[in-house]
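Structure first, then comments.
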Amino acid sequence: MDSKVKIKAEGVNFFYARSQALKDINLDIYENQVTAIIGPSGCGKSTFIRLLNRMNELLPHTNITGRISLDGRDIFEDSVDAVQIRKRVGMVFQKPNPFPKSIFENISYGIKVNGIKDKTFIEEKVEASLKKAALWQEVRDRLSDSALKLSGGQQQRLCIARCLAVESEVILFDEPCASLDPISTAKIEELITELKKDYTIVIVTHNMQQAARVSDYTAFFLMGELIEFGRTQDIFTAPKDKRTEDYITGRFG
Amino acid sequence: MKKNLIQDSGFFILFLCMLTTLIFLGLIIYFISVRGLKVISWEFLTQGPRMGMTQGGIAPAILGTVYLTLGAVLFALPLGLACAIYLCEYSPKGFTVNLIKMGINNLAGVPSVVFGLFGLAVFVKFFGFGVSILSGSLTLGIVILPLIISASQEALLAVPQSIREASLSLGATKWATIKNIVLPTALPGILTGIILSIGRAAGETAPILFTAAAFYTRGYPRSIFSEVMALPYHIYALMTEGTHPDQQTAIAYGSSLILLFLVLLISAAAIFIRQRQKNIHG
Ligand SMILES: Nc1ncnc2c1ncn2[C@@H]1O[C@H](COP(=O)(O)OP(=O)(O)O)[C@@H](O)[C@H]1O
Ligand SMILES: [Mg+2]
């Protein structure tokens, strides 16, 4: 039994100035499920998820055709504001990118730019977000310290907490553990499983085991094309496409 | 063995160059101090010139320089910063912007006496501000504008794209991102530009020659439409005019020392602020 489709990509092509990065992508992302996107580097994984929160349009000379909808509504429609989409579709980046501000300010920033001024509300929200991101214990005594003083793993959890504070509906993770040690990685994987209850999650990963561990659905990209999509279990145990099988078993990539 | 020798002598030459620079800096401070300290006194700092500028102090000139510099920064900072923000954050990258940037860089190379004439024609005559603090500040402002723009641009470009993206991804608008994330992060670099431009504005003579500076004023300026004495011009006047070269030279060195001190003081203050910002922002 499949749950509701949260994001739907239909015939999506994406072009950078000189090259086509995505070719005719058709993909459903289900609500409250974790969808992993795997594939060798350069195959368009980042390009694809950066479309989902309209991040790619910051780049000049790019072009997109096809349709991506969020809850059934085309996110590229003229009447849709990219800022609104980004509030609903949060993102955690490959490299932790905390603001050069205090830990507290990092988390409260997203709440404040969305127009909330109530101090107690913000404080509670910061605490709740840090707790959810399993960082509260480590930073509760030094919320006013610079976020840049945290370790890489802590910074990434901070970025997750920052994202959670905005109360989005979808969270996109772009190789969130790529620069982290195994212990931090385990913590973040645990977190992702936890967050599934409240969020729809898309995670790009290089790590096959990680995809197998955390995701419900897996999409395999190769050279800008979606080769195979299905339940993670099926993709890993009985891939239909030869190329998927080769990639999963490590024969290339 | 031989490689080390080459490397070591290379370092040694670099060290000598650095030393030479330091020696020049030291000599400047030494000579100005030795010749200038004699005349420095409380009276020198707090009183106006007397007896055809052979006695008394330079207070009006100090104040005039402070006014002109402050005025120039007040005018050029908002304008230059806005210009840099537009060029870095908003303008579509391409031919036109490159042309504008080239124009700004060329503006920095224009001799300052040309700005002086421009100020005379535009602010003094056309706008009718007369020879005044206002005309001088605006002219000096234009002189330092390219400095402020390029320093601000550099500072803005140095802000990592990743934290802009982080801010946007949280649903912040572009302007909110610039205001809350980009500008605070770029602030130390922008402050550096201000420091440089303050030093430049305080020391320039030519731009204020026809637009603001007076050889002598009785008392202090009363409004922004008053003409003022200013340290660099005062020094120039002392050395080229008047009838008592010995006394005037001493006062000129004293004035130079004060000008040097003033610029160093302002720089130190700005460096202090910058350092504090750096500490806060990691
Ligand atoms: N900003 C960009 N401008 C031009 N080409 C890009 C840009 N970003 C990525 N690409 C190209 O698009 C393709 C897909 O890149 P990307 O989505 O980053 O791959 P992945 O995340 O799967 O490693 C690559 O060939 C890459 O070189
Ligand atoms: Mg990538």
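All figures in this text were calculated on a predicted structure; none of them were measured in a lab. In what follows, every chain begins at residue 1, and chains take the letters A, B, ... in the order their sequences are listed.
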Taking [atom1] in [X] as the centre, count heavy atoms belonging to other residues, nucleotides or ligands within less than 6.0 Å. Is the count above 12?
{"X": "Glu194(A)", "atom1": "CD", "value": "no"}
{"X": "Lys196(A)", "atom1": "NZ", "value": "yes"}
{"X": "Tyr30(B)", "atom1": "OH", "value": "no"}
{"X": "Glu31(A)", "atom1": "CD", "value": "yes"}
{"X": "Tyr67(B)", "atom1": "OH", "value": "no"}
{"X": "Phe76(A)", "atom1": "CZ", "value": "yes"}

Q.
Quick check: under 4.5 Å, non-hydrogen atoms only, which of residues 155-173 of chain A neighbour chain B?
A. Arg162(A), Cys163(A), Val166(A)
Q) With a 4.5 angstrom heavy-atom cut-off, which part of Met91(A) approaches chain B: side chain, backbone, both or neither? A) both
Q: Side chain from CB out, backbone as N, CA, C, O: work out which of these in Val92(A) comes under 4.5 Å of a heavy atom of chain B, or both, or neither.
A: neither
Q) If you count heavy-atom pairs under 4.5 Å with chain B, which of Asn53(A), Leu58(A), Ile111(A), Val83(A) comes out on top? A) Val83(A)
Q: Write out all pairs satisfying salt bridge (Lys or Arg N to Asp or Glu O under 4.0 Å) with one or both partners inside residues 82-92 of chain B, taking only residues at least two apart or from two chains.
A: Glu89(B)-Arg164(B)
(Q) So if I take each residue of residues 166-180 of chain B and look for any heavy atom under 4.5 Å from a heavy atom in chain A, which residues do I end up with? (A) Ala166(B), Ser167(B), Leu168(B), Ser169(B), Leu170(B), Gly171(B), Ala172(B), Thr173(B), Ala176(B), Thr177(B), Asn180(B)
Q: Would you please name every residue forming a side-chain hydrogen bond (donor to acceptor under 3.5 Å, both in side chains) with Ser184(A), sequence neighbours left out?
A: Asp181(A)
Q.
Looking at every heavy atom in both Glu165(B) and Met55(A), which two are closest together, and how far apart are they?
A. O-CE, 2.9 Å
Q: Over all heavy atoms of both residues, which pair between Ile163(B) and Pro100(A) is shortest? Give the atoms and the distance, please.
A: CD1-CD, 3.7 Å
